[in-house]
Each structure stands twice: as C-alpha cells, then as structure tokens.
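Throughout, a chain's letter reflects where its sequence line sits, starting with A, and its residues are numbered from 1.
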Number of protein chains: 2
Amino acid sequence: MNDAFKALSDPTRRKILQLLKEKDLSAGDIADQFDISKPSISHHLNILKQARLVQDERQGQNIIYSINLTVMQEAMGWFLGMIGTKGD
Amino acid sequence: MNDAFKALSDPTRRKILQLLKEKDLSAGDIADQFDISKPSISHHLNILKQARLVQDERQGQNIIYSINLTVMQEAMGWFLGMIGTKGD
DNA sequence: TTAATATTTAGCTTATCATCTAAATATAAG
DNA sequence: CTTATATTTAGATGATAAGCTAAATATTAA
C-alpha cells in the first residue's frame with residue numbers, strides 16, 4: 001500500500017498508468033510517449049511493477065505491460081475511508 | 001494535484017490526515033502522536049498545507065489544523081477516472 | 001516587561017530518487 | 001552463428017526530501 005502511494009507520487013508514472021488504462025503497451029511504446037531515456041522508463045515501470053500497479057508479460061521480443069486495477073481500487077479505498085463522515 | 005499526490009506519498013503525512021479526520025488538532029497534539037521531532041512534524045504539516053490537504057488557524061498559543069476534504073475528493077476523482085471501464 | 005509555552009524557521013546531514021550513458025541480456029531473423 | 005531489435009541492469013550524478021538541533025517568532029500570563 002505504501003509502495004502504491006509512493007509509485008503514484010511521480011507524474012511520469014501516473015501518466016504511464018493512464019496510457020495503460022487505454023490499452024496494453026510494450027515498454028518501447030511507453031517510452032516513446034516521453035522525453036525520457038528508455039532505461040529511465042524501465043526503472044519507472046519496475047517501480048510500478050513492485051507496487052503491483054502493473055503486470056508484464058513477454059511476447060517475443062517485446063514485454064507487454066498492462067494495468068492492474070486491483071491495487072488501484074485498494075488505494076481508492078483509502079480515500080473512501082478518508083472522505084467518510086468526519087469523525088467516524 | 002501533483003502536490004497532493006506527493007504529500008500523500010509519505011506515511012507520516014497520511015497518518016496525520018487520518019488523525020485530523022477524527023478531529024481537529026493542534027500542531028503539538030499531532031506531534032505527540034509520533035516519535036519524530038516537532039520541527040519535522042511542522043515540516044510535514046507545511047507540505048500538507050501547501051497541497052491544501054489541511055488548513056490551519058491560530059487559536060491563542062495553539063495552531064489548530066483541520067483536514068480539507070476538497071482536495072482529497074479531487075485526488076479520488078483521479079482514481080475514479082482510472083478505474084472506469086478499461087479503454088474508455 | 002519578563003518568563004513560559006507553542007510553533008515555526010534556519011541550517012545541516014543523510015538517504016532516497018530521477019535521470020543519464022554504457023554495457024548486459026534476451027529474442028528474432030538472416 | 002551473427003546481426004538487429006527490445007529491454008533491462010549497472011553505475012554514476014545531481015536534485016529532492018526527511019530528519020535532527022538550535023534559534024527565532026508569537027502568544028499568554030505573571
């Protein structure tokens with residue numbers, strides 16, 4: 001949970017998640033969307049993976065990343081608990 | 001929005017928000033809940049304040065902090081947009 | 001005005017993090 | 001088996017951030 005919040009604190013990683021929300025993408029296709037080196041994007045993807053916000057699967061030469069909404073829902077649960085009637 | 005996500009990435013700050021969800025507290029009362037120096041807590045409070053996740057108001061010698069749920073709801077909106085049907 | 005209490009500001013240190021280049025690994029194709 | 005493509009790993013660097021102590025500010029009370 002803490003890993004998820006930390007992962008979400010970076011704008012590049014949030015944008016990656018938004019891209020993956022639309023459709024699964026290879027690491028290279030993701031990197032193409034940013035003015036950041038591929039190794040740096042790979043690093044971001046690894047952080048997202050450790051937080052279990054994304055999953056990856058090799059398909060031939062490519063590694064395809066997809067979003068994992070389960071952890072996202074857990075994080076949203078935190079917000080829901082927070083927004084519940086004040087003082088509960 | 002980015003400030004909010006960054007502020008939420010620290011577990012101490014998330015715990016502060018949970019305390020303030022229960023009731024408004026002075027800076028000192030908040031600091032008493034942690035094994036962290038008062039100046040450090042003050043620093044965390046300032047980050048929460050800049051992200052507009054909390055508000056403060058002086059009451060005599062004390063400064064009372066309260067939670068601002070508006071920004072929290074905005075952050076939750078981000079999650080909702082994320083969790084909507086994949087590919088929309 | 002002086003002393004006590006509450007909180008913040010300043011300055012420093014250490015750790016974490018985002019980024020880069022270069023090199024390594026893995027798969028596919030000639 | 002050699003080359004090309006895709007991605008990651010390694011190692012380094014500069015920036016950001018969390019923590020501390022000491023000092024400053026603000027309010028209250030004597």
When rounded to whole Å, the NZ to C1' distance for the pair A:Lys6 and C:dT16 reads 8 Å

(Q) Over 60° means perpendicular and under 30° means parallel, so tell me whether B:Trp78 and B:Phe5 are parallel, tilted or perpendicular. (A) perpendicular

Which of A:Asp24, A:Asp29, A:Leu20, A:Leu25 passes side chain to side chain contact (heavy atoms under 4.5 Å, CB included) with A:Ile64? It is A:Asp24

Give B:Lys49 one of three labels, base, sugar-phosphate or nothing, depending on what nucleic acid heavy atoms sit under 4.0 Å from its own. nothing

Winner on side-chain proximity to B:Pro39, out of C:dT7, D:dA22, C:dA18, is D:dA22

| request: Please check the phosphate of D:dA17 (OP1 and OP2 only) for any side-chain N or O of B:His44 closer than 4.0 Å. | output: no

Here the distance between atom C1' of D:dA26 and atom CG of B:Asp56, to the nearest Å, is 14 Å

Classify A:His43 by what it touches in the nucleic acid, base, sugar-phosphate, or nothing, heavy-atom distance under 4.0 Å. base

Check: Is any side-chain N or O of B:Gln61 under 3.5 Å from a base N or O of D:dT28, one able to act as donor and the other as acceptor?
Finding: no

**Request:** May I ask you to verify if any side-chain N or O of B:Tyr65 is less than 4.0 angstrom from the OP1 or OP2 atom of C:dA6?
**Result:** no

Ranking C:dT19, D:dT7, C:dA18 by distance to the side chain of A:Ser40, first place goes to C:dT19

Paired with B:Leu48, the side chain to side chain contact (heavy atoms under 4.5 Å, CB included) test is passed by just one of B:Asn68, B:Val71, B:Asp56, B:Leu53, namely B:Leu53

Strictly below 4.0 Å: does A:Arg58 bring a side-chain N or O up to OP1 or OP2 of D:dA6?
no

For A:Arg52, is the CZ atom crowded, meaning more than 12 foreign heavy atoms sit under 6.0 Å from it?
no

In whole angstroms, the gap separating P of C:dA18 from CD1 of A:Ile16 amounts to 11 Å

B:Ser26 side chain near C:dT7 phosphate (N/O to OP1/OP2, under 4.0 Å):
yes

Separation of C:dT5 atom P from B:Ile64 atom CD1, nearest Å, is 18 Å

Walking DNA chain C from its 5' end, the first of B:Lys38 and A:Ile47 to be reached, judged by nearest nucleotide, is B:Lys38

- So, is B:Ser37 near the phosphate of D:dC20, with a side-chain N or O under 4.0 Å from OP1 or OP2? yes

A:Asp3 CG to C:dC17 C1', in whole Å, measures 14 Å

Here the distance between atom C1' of D:dT9 and atom CD1 of A:Ile41, to the nearest Å, is 16 Å

From CD of B:Glu57 across to P of C:dT7 the rounded distance in Å is 13 Å

When rounded to whole Å, the CD to P distance for the pair B:Gln50 and D:dA17 reads 10 Å

B:Asp32 and B:Lys38: salt bridge (charged side-chain N to carboxylate O under 4.0 Å, His left out), yes or no, with the steps?
CA-CA 8 Å; B:Asp32 288 344; B:Lys38 284 180 205 295; 3.8 Å; yes

Sorted by position of nearest nucleotide on DNA chain D, 5' first, the leading residue of A:Asn46 and A:Asn62 is A:Asn62

